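Keep in mind the model is a prediction, meaning the values are calculated, not measured.
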Amino acid sequence: MPIPRRGRGTLLMAAVTGAVVTATIAVTGTANAATTLGASAAQTGRYFGAAIAAGRLGDSTYTRILNTEFNSVTPENEMKWDATEPSQGRFTYTNGDRILNQGLSNGSKVRGHALLWHNQEPGWAQSMSGTALRNAAINHVTQVATHYRGKIYAWDVVNEAFADGSSGGRRDSNLQRTGNDWIEAAFRAARAADPAAKLCYNDYNTDGVNAKSTGVYNMVRDFKSRGVPIDCVGFQSHLGTGIPGDYQANLQRFAALGVDVQITELDVAQGGNQANIYATVTRACLAVSRCTGITVWGIRDSDSWRTGENPLLFDNSGNKKAAYTSVLNALNAGGTTNPTTPPVTTPPVTTPPVTTPPVTTPPPSGAGCTATVSLNTWTGGYVATVRVTAGATALNGWTVTVPLPSGDVVTGAWSSTNSATTGNVAFRNVDYNGQVAAGASTEFGFQANGAGPSATPVCQAG
Ligand code: G3I
């Protein structure tokens, strides 16, 4: 939820008086309004980028806007597998290098996109499977990440590997059929080839809390717990005429896992709400300290892959649209300060979230369930992750009641619905996580203002 103006002022005072505990929650003022997207985002330690195409770099209107407004670039197609390895073992970097050099010469970050994706596989890879494909894919990751070693801010190591819909599972593809561990193998190869780059998982339709984003969330949590190198999650945010109400809470729950989050391919269908939706996305990123930047998927409407939807910040002639102004104003209004990470660090450091020991209910003697709560706190707020564990009998629905101290207010929840926002708040399962096998666990979470629960949560089956 965006920090309201009054809240910003309060936090600023707290920062000045030294009351803010974590460095990541300091808040900038609004005195020096910047006049470009990149400069304005930089005021809070973030970037504002665009996807660009090598074929358009000869267009002077395009490059004028690019060089003036943006301080990060992503190649729209030029670093994909079909572009960089058109035949097996023959690597072509001409257009990828043009994007890289355009970005570096302008002092911009460069986001690498994308090392492995089931789409835009070169033809030779499309017809492969099994060990041969796995080896070819990992070799591709190693070769391309090595070519760009030390120059890429963040790589989309794997793109769009989760299925749409309610399964929360992986998308079928020839890569997936090489074994469920193909994603972690790719991340390990990327880390070995370029230890300085942040390594991201990137997907679409993960912009709110839903089964797909929860599938990704569970993978990231698993990777973090097993030491698989992952530093960031990209939320593409190809939006229509609406935006999920839990957009910010979704970013926050990923950030609470100890990864950066980035808005990687933002575009919004033109309609009555376009400017508002752009501003809402911008404010959400600014409110999450680990949201390191925003990339729009193209510059002018005429550059967009969404022909006829006019989803970008500049019109066909390169004029600024209302959506541009709303983004700039939102950036200039400030937000949490992102802990800036130098583009080249070896190895990249990820900061674990601040956690407090879990508050536990006694283990169930038979049927029923238990709940434990872990908190990621900051001054004035927290994200709670609640683990629900079934007893000796499988659960077919559950409710966890969390007693909140006076003054605590729930501002968003995921993987559950809450009955109230204050006091004894009952969180009920949603359709995809109500059934839990005997002894197994599921998780939900919520974000709240306040100090956090200290009393024991109560889990009830049914
Ligand atoms: O360059 C050829 C051109 O020579 C040929 O005449 C023409 C005929 O169709 O095709 C041109 O290539 C097209 C390419 O874009 C460059 O314009 C491809 O057909 C077309 O498939 C390709 O589309 C790209 C799409 O990914 C492919 O899936 C879009 O530009 C690109 O914006 C889009 O980006 C993806 C992200 O990578 C991942 N997330 C979703 C996003 C939108 O689909």
Side-chain angles (χ1 to χ4, degrees), residues 74 80-81 111-121 125-126 129 133-134 137-138 140-141 154-190 198-226 228-240 243-244 246-247 249-267 291 295 297 385 414-415 430-433 435 442-445:
T74 304
K80 292 173 180 173
W81 197 352
R111 291 196 81 262
H113 174 81
L115 290 170
L116 291 180
W117 185 22
H118 68 279
N119 204 347
Q120 285 178 288
E121 279 182 8
Q126 288 174 29
S129 63
L133 175 63
R134 171 68 71 93
I138 297 305
H140 178 78
V141 170
W155 264 114
D156 291 331
V157 178
V158 170
N159 193 43
E160 301 177 11
F162 276 73
D164 292 315
S166 59
S167 77
R170 299 283 181 85
R171 172 194 297 280
D172 179 53
S173 70
N174 62 348
L175 288 165
Q176 181 62 28
R177 289 192 293 271
T178 70
N180 205 49
D181 63 344
W182 72 278
I183 297 182
E184 61 192 86
F187 274 81
R188 289 198 167 98
K198 288 179 180 286
L199 305 182
C200 301
Y201 176 79
N202 190 51
D203 215 327
Y204 68 92
N205 280 353
T206 51
D207 310 308
V209 175
N210 56 37
K212 184 174 180 179
S213 64
T214 299
V216 176
Y217 176 90
N218 289 335
M219 178 187 76
V220 174
R221 190 184 54 188
D222 171 53
F223 280 13
K224 295 297 284 185
S225 73
R226 291 191 294 113
V228 178
I230 184 167
D231 307 307
C232 38
V233 176
F235 298 83
Q236 295 186 7
S237 302
H238 294 295
L239 299 175
I243 178 170
D246 49 15
Y247 187 92
N250 190 46
L251 297 181
Q252 185 67 59
R253 73 169 173 158
F254 279 86
L257 291 175
V259 289
D260 289 347
V261 294
Q262 302 168 358
I263 314 305
T264 50
E265 303 185 15
L266 179 62
D267 49 21
C291 182
T295 297
W297 204 245
T385 304
W414 52 91
S415 303
V430 287
D431 54 359
Y432 59 82
N433 65 1
Q435 299 193 324
T442 187
E443 281 191 350
F444 72 91

Report yes if the side chains of [X] and [Y] come closer than 4.5 Å at any heavy-atom pair, otherwise no.
X: Thr214; Y: Arg253; answer: yes
X: Ile243; Y: Asp207; answer: no
X: Asn119; Y: Asn159; answer: no
X: Phe223; Y: Val259; answer: no
X: Phe235; Y: Val216; answer: no

Pairwise distance [atom1]([X]) to [atom2]([Y]) - rounded to 0.5 angstrom:
X: Asp203; Y: Asp164; atom1: CG; atom2: CG; result: 7.5 Å
X: Asp267; Y: Thr295; atom1: CG; atom2: OG1; result: 11.5 Å
X: Arg111; Y: Lys198; atom1: CZ; atom2: NZ; result: 11.5 Å
X: His118; Y: Leu175; atom1: NE2; atom2: CG; result: 9.5 Å
X: Ile230; Y: Lys224; atom1: CD1; atom2: NZ; result: 8.0 Å
X: His113; Y: Thr264; atom1: NE2; atom2: OG1; result: 8.0 Å

Worked verdict on Arg177 versus Trp182 for side-chain contact (heavy atoms from CB on, under 4.5 Å): CA-CA 9 Å; Arg177 289 192 293 271; Trp182 72 278; over 6 Å; no

Closest heavy-atom pair and its distance - [X], [Y]:
X: Ala186; Y: Val141; answer: O-CG1, 3.7 Å
X: Pro229; Y: Leu199; answer: O-CD1, 3.9 Å
X: Glu160; Y: Gln236; answer: OE2-NE2, 2.9 Å
X: Tyr247; Y: Ser237; answer: OH-OG, 2.8 Å
X: Cys200; Y: Ala154; answer: SG-CB, 3.9 Å
X: Ala161; Y: Tyr201; answer: N-OH, 2.7 Å

Applying side-chain contact (heavy atoms from CB on, under 4.5 Å) to Leu115 and Trp155, what does each step give before you reach the verdict? CA-CA 7 Å; Leu115 290 170; Trp155 264 114; 3.6 Å; yes

Under 3.5 Å, is there a donor on one side chain and an acceptor on the other for [X] and [Y]?
X: Ser129; Y: Asn174; result: no
X: Tyr217; Y: Asn250; result: no
X: Trp81; Y: Gln120; result: no
X: Glu265; Y: His238; result: yes

Regarding Arg134 and Asp181, does a basic nitrogen lie under 4.0 Å from an acidic carboxylate oxygen?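 The answer is yes: the pair qualifies as a salt bridge.
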
Report the residues that fulfil side chain to side chain contact (heavy atoms under 4.5 Å, CB included) with Gln126, sequence neighbours left out, ordered by chain and then residue number.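 Residues passing side chain to side chain contact (heavy atoms under 4.5 Å, CB included) with Gln126: Glu121.
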
Run Leu239 and Leu266 through side-chain contact (heavy atoms from CB on, under 4.5 Å) and show every step you take. CA-CA 7 Å; Leu239 299 175; Leu266 179 62; 4.2 Å; yes

